[in-house]
Participant: 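Provided herewith is a single structure, encoded as structure tokens, for subsequent inquiry.
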Amino acid sequence: MPGKINSKKIPTMIDAKLLRASAATVAENLARRRFEFDADAYLALEEQRKALQVEVENLRAGRNASAKDIGKAKARGEDITPLLAAVEELGTKLAAVEGKLQLVQEQIREIEVGLPNLLHDDVPVGADEADNTEVKKWGEPRTLDFEAKDHVDLGASLGMLDFDSAARISGSRFVVLQGPLARLQRALIQFMLDVHTAEHGYEEVYVPYLVQADALFGTGQLPKFENDQFKTTDDPPFYLIPTAEVPVTNLERENILEAAELPLRRVAHTPCFRSEAGSYGKDTRGMIRQHQFEKVELVQLVEPGKSDAALEELTGHAEVILERLNLPYRKVILCSGDVGFGSHKTYDLEVWLPGQNAYREISSCSNYGDFQARRMQTRWRNPASGKPELLHTLNGSGVAAGRALIAVMENYQEADGSVMVPDALKPYMGGLDKISA
RNA sequence: GGAGAGGUGGCUGAGUGGUCGAAAGCGCUCCCCUGCUAAGGGAGUAAGGGCUAAUACCCCUUCGAGGGUUCGAAUCCCUCCCUCUCCGCCA
């Protein structure tokens, strides 16, 4: 049973007027995701809704007028019994039509809430991961004169990566880091936060790790991805955040921002919790896919029309981290079959992992357009119109700390199983320049 | 966890059944006056939805959330949430 989502005042996920005016175009766009939107059925419901709404509003107007008349008559000391009788029928009829309207509205809302975001024209059409398009490659993987170990073996020989203890305490998909390796992850986090706040203009925020259903609805994890979340048994339940994107973006939920406050850039380090339901057998070795991991997240709120540029900029901020750490990576644009539910356009950064001999995702940077803003009712006052209008939201990992740790271990490994400390992290390691057993 | 107070427009704050979407003040916008500045005068100033060529009228909804009473609820009743004060407890 999902937590209560108090969002009945939110009209729709994709602009309702756009849906009505161009349902077929919307259906076409969503079909690129292999999402089936039955435009005809939707429009038929919309027509019913409109007719019923007009009827309800007319009946209400009649009732309101009568109520006022009664008030006036009473003030004059007249007998109001005949007026009461006239209103009675209006009331029963109104209740009946209201019931019908509510039913239709619920059906419409159910459809709308389940609609993914429209895709940007840049998004290549494709079925899955394999169809993502590489748009950039940076750095050369080191050539080793010994066989590369993966982080699990390196961690074991260092005696600083303990999956057995984690399993005893918590089960699978958890890890315990020890000593210098634990510190290395903290160093990565500190380094990233420092770069983003000092050089990229982000404000650091500390946020709750437990949130209400509304917040998850706002950023798009609910209602569709209920099963991916951990949640408590409280009533209403708390959800453990799957990413800092949720609390940080929702900071501006139901707010109207002034133009001068934009663009709003915020960065937070948080743990992230994911149930990983349905990923059985996937990445079971090591700490690639955990129930709990650390991440530094970048969030931007920008004026509509500036979000395309902002996505390039934000992705660049994440790239800087990998470049300063001298970690080879590639940048891919996710294809229509792989891009997330709420995303308009997404770049993934994939870091080179010698232990896997592959590039693996370490950052995902997305422009959500107005999708999240509509769900959260986050707006700005457009000076041009003087009216509140929806903002555009973006977020990206800058970057995932757990995977960054893996990347550093595997890319900086030496023949003897020790791990060199990247120059950028040395100030955060108290002078230590090599981690060895 | 216990006791009390309270949640109203960008803000402060009045309103305890009817002409209240809501006094007043602040803030903001425009205009007038004023030889700079200061002060003063006038007007305007919530959001969402429907209708529409319309950012014009008109209509509907919204006074923490949900439910109820009533012809009619910001105002009465119930449940919940949150904030503040005091006490307890505690990192």
Side-chain angles (χ1 to χ4, degrees), chain A residues 1-21 43 45-102 104-106 108-109 112-113 206 208-215 217-218 232-239 247 250-262 370 373-391:
Chain A
M1 172 96 170
K4 193 186 67 174
I5 292 166
N6 169 29
S7 45
K8 64 163 200 178
K9 40 186 170 180
I10 297 167
T12 173
M13 302 316 118
I14 291 176
D15 182 54
K17 285 179 182 148
L18 178 71
L19 269 178
R20 285 174 223 156
L43 288 176
L45 277 172
E46 252 304 312
E47 218 158 291
Q48 284 184 52
R49 192 223 90 228
K50 186 179 273 192
L52 288 168
Q53 184 166 334
V54 169
E55 196 178 350
V56 163
E57 290 188 359
N58 286 338
L59 288 168
R60 278 186 191 151
R63 182 203 58 193
N64 291 348
S66 302
K68 272 186 187 173
D69 287 344
I70 292 171
K72 284 182 198 162
K74 211 172 169 186
R76 280 187 245 109
E78 295 170 9
D79 177 22
I80 58 168
T81 348
L83 290 169
L84 287 179
V87 165
E88 200 185 318
E89 194 190 344
L90 209 57
T92 32
K93 189 162 184 199
L94 177 61
V97 186
E98 274 177 335
K100 278 194 227 169
L101 175 62
Q102 198 188 335
V104 173
Q105 277 173 329
E106 277 165 14
I108 288 173
R109 179 167 168 74
E112 290 175 343
V113 156
Y206 169 81
Y209 303 159
L210 293 171
V211 300
Q212 298 287 324
D214 275 353
F217 179 85
T232 71
T233 56
D234 297 77
D235 184 24
F238 288 106
Y239 290 81
N250 273 282
L251 281 174
E252 301 304 334
R253 159 182 213 85
E254 284 165 49
N255 281 347
I256 299 173
L257 302 175
E258 296 303 326
E261 297 177 76
L262 302 172
D370 62 13
R374 182 171 292 107
R375 287 175 164 240
M376 296 188 302
Q377 285 299 292
T378 299
R379 293 167 293 173
W380 71 306
R381 198 168 291 279
N382 184 348
S385 66
K387 293 279 177 193
E389 295 172 11
L390 294 172
L391 281 167

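To find a chain, count down the sequence lines: A is the first, B the second, and so on, and within it residues start at 1.
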Participant: Give the minimum heavy-atom separation between A/Arg375 and A/Phe217, together with the two atoms involved.
Facilitator: NH1-O, 2.9 Å
Participant: Return the 5'-most residue of the pair A/Val54, A/Glu88 with respect to RNA chain B, ranking by each residue's nearest nucleotide.
Facilitator: A/Val54
Participant: Does the side chain of A/Leu84 come within less than 4.5 Å of A/Glu88's, by heavy atoms?
Facilitator: no
Participant: Taking CD1 from A/Ile70 and C1' from B/U70, how many angstroms apart are they, rounded to a whole number?
Facilitator: 10 Å
Participant: Which whole number of Å gives the distance between the P atom of B/G25 and that of B/C33?
Facilitator: 24 Å
Participant: Rounding to an integer number of Å, can you tell me how far A/Glu112 CD sits from B/G49 P?
Facilitator: 12 Å
Participant: Roughly how many Å apart are B/A54 and B/G42, using the C1' atom of each and rounding to a whole number?
Facilitator: 29 Å
Participant: In terms of the nearest nucleotide of RNA chain B, which residue is placed more toward the 5' end: A/Ser66 or A/Gln53?
Facilitator: A/Gln53
Participant: With 3.5 Å as the limit, what N/O pairs link the protein to nucleotides 7-15 of chain B?
Facilitator:
none

Participant: Rounding to an integer number of Å, can you tell me how far A/Leu83 CG sits from B/G18 P?
Facilitator: 18 Å
Participant: For A/Glu89, check side chain to side chain contact (heavy atoms under 4.5 Å, CB included) against everything at least two apart and list the hits.
Facilitator: none
Participant: Applying salt bridge (charged side-chain N to carboxylate O under 4.0 Å, His left out) as the test, list every pair that has at least one member in residues 45-63 of chain A; sequence neighbours left out.
Facilitator: A/Arg20-A/Glu46, A/Glu46-A/Arg49, A/Arg60-A/Glu98
Participant: Ignoring backbone atoms, establish whether A/Arg379 has a side-chain N or O less than 4.0 Å from OP1 or OP2 of B/G48.
Facilitator: yes
Participant: If the P atom of B/U69 is compared with that of B/U75, how far apart are they to the nearest Å?
Facilitator: 15 Å
Participant: For the pair made of CG in A/Leu101 and P in B/G50, what is the distance, rounded to whole Å?
Facilitator: 12 Å
Participant: Check whether any side-chain N or O of A/Asn255 sits under 3.5 Å from a backbone N or O of A/Thr378 as a donor-acceptor pair, and report yes or no.
Facilitator: no
Participant: Once you round it to whole Å, what is the distance between P of B/U70 and CG of A/Asp69?
Facilitator: 21 Å
Participant: Between B/A91 and B/G2, how many Å separate the two C1' atoms, rounded to a whole number?
Facilitator: 22 Å
Participant: Heavy atoms, side chains only, cut-off 4.5 Å: are A/Leu90 and A/Leu59 in contact?
Facilitator: yes
Participant: Distance check, P atoms only: B/G40 and B/G66, in whole angstrom units.
Facilitator: 43 Å
Participant: In dot-bracket form, 5' to 3', how is RNA chain B paired? Count Watson-Crick and G-U wobble pairs only if both distances fall under 3.5 Å, and write | where the partner sits on another strand.
Facilitator: ((((((((.[[[..)..(.....]]]((((((.......))))))(((((.......))))).[[[[[..)....]]]]])))))))....
Participant: Which listed nucleotide (B/U61, B/C71, B/A47) is nearest to the side chain of A/Leu84?
Facilitator: B/C71
Participant: What's the verdict on side chain to side chain contact (heavy atoms under 4.5 Å, CB included) for A/Arg253 and A/Asp214, showing C-alpha distance, side-chain angles and the deciding distance?
Facilitator: CA-CA 10 Å; A/Arg253 159 182 213 85; A/Asp214 275 353; 3.7 Å; yes
Participant: Work out which heavy atom in A/Ala373 is nearest to a heavy atom in A/Leu390; give both atom names and the distance.
Facilitator: O-CD2, 3.7 Å
Participant: For a quick check, tell me whether the side chain of A/Glu57 and the base of B/G49 share a donor-acceptor pair closer than 3.5 Å.
Facilitator: yes
Participant: Would you check if the side chain of A/Gln377 reaches a backbone N or O of A/Arg374 as a donor-acceptor pair within less than 3.5 Å?
Facilitator: yes
Participant: Between B/G50, B/C71, B/C60, which nucleotide has the shortest distance from any of its atoms to the side chain of A/Lys74?
Facilitator: B/C71
Participant: Could you tell me how far B/U45 sits from B/C26 if I compare only their C1' atoms? Round to whole Å.
Facilitator: 13 Å
Participant: Write down the distance between CH2 (A/Trp380) and P (B/A47), rounded to a whole number of angstrom.
Facilitator: 15 Å
Participant: So, is A/Asn64 near the phosphate of B/U61, with a side-chain N or O under 4.0 Å from OP1 or OP2?
Facilitator: yes
Participant: Any donor and acceptor pair, going by atom type alone, linking the side chain of A/Arg379 with main-chain N or O of A/Ile256 inside 3.5 Å?
Facilitator: no
Participant: Please state how far atom CD in A/Glu98 lies from atom P in B/G49, giving the value in whole angstrom units.
Facilitator: 20 Å
Participant: Produce the list of close N/O pairs, under 3.5 Å, pairing protein atoms with atoms of nucleotides 27-30 of chain B; give distances to one decimal.
Facilitator:
none

Participant: Taking A/Phe238's backbone N and O only, do any of them form a donor-acceptor pair with A/Thr232's side chain (distance below 3.5 Å, no angle check)?
Facilitator: yes
Participant: Could you check whether atom CD of A/Glu261 has more than 12 heavy atoms from other residues, nucleotides or ligands sitting under 6.0 Å from it?
Facilitator: yes
Participant: What's the gap between B/C71 and B/G17 when it is taken at their C1' atoms, as a whole Å value?
Facilitator: 12 Å
Participant: I need the CG-C1' distance between A/Asn58 and B/C58, as an integer number of Å.
Facilitator: 11 Å
Participant: Record whether the side chain of A/Lys68 comes under 3.5 Å of the base of B/G18 through a donor-acceptor pair of N or O atoms.
Facilitator: no
Participant: From C-beta outward on A/Ala61, which listed nucleotide comes closest to its side chain: B/C59, B/G50, B/U61?
Facilitator: B/C59
Participant: Would you please name every residue forming a side chain to side chain contact (heavy atoms under 4.5 Å, CB included) with A/Asn382, sequence neighbours left out?
Facilitator: A/Trp380, A/Ala384, A/Ser385, A/Glu389
Participant: Any heavy-atom pair between the side chains of A/Val56 and A/Leu94 that's under 4.5 Å?
Facilitator: yes
Participant: Using the P atom in both, what is the distance from B/A74 to B/U61, to the nearest Å?
Facilitator: 10 Å
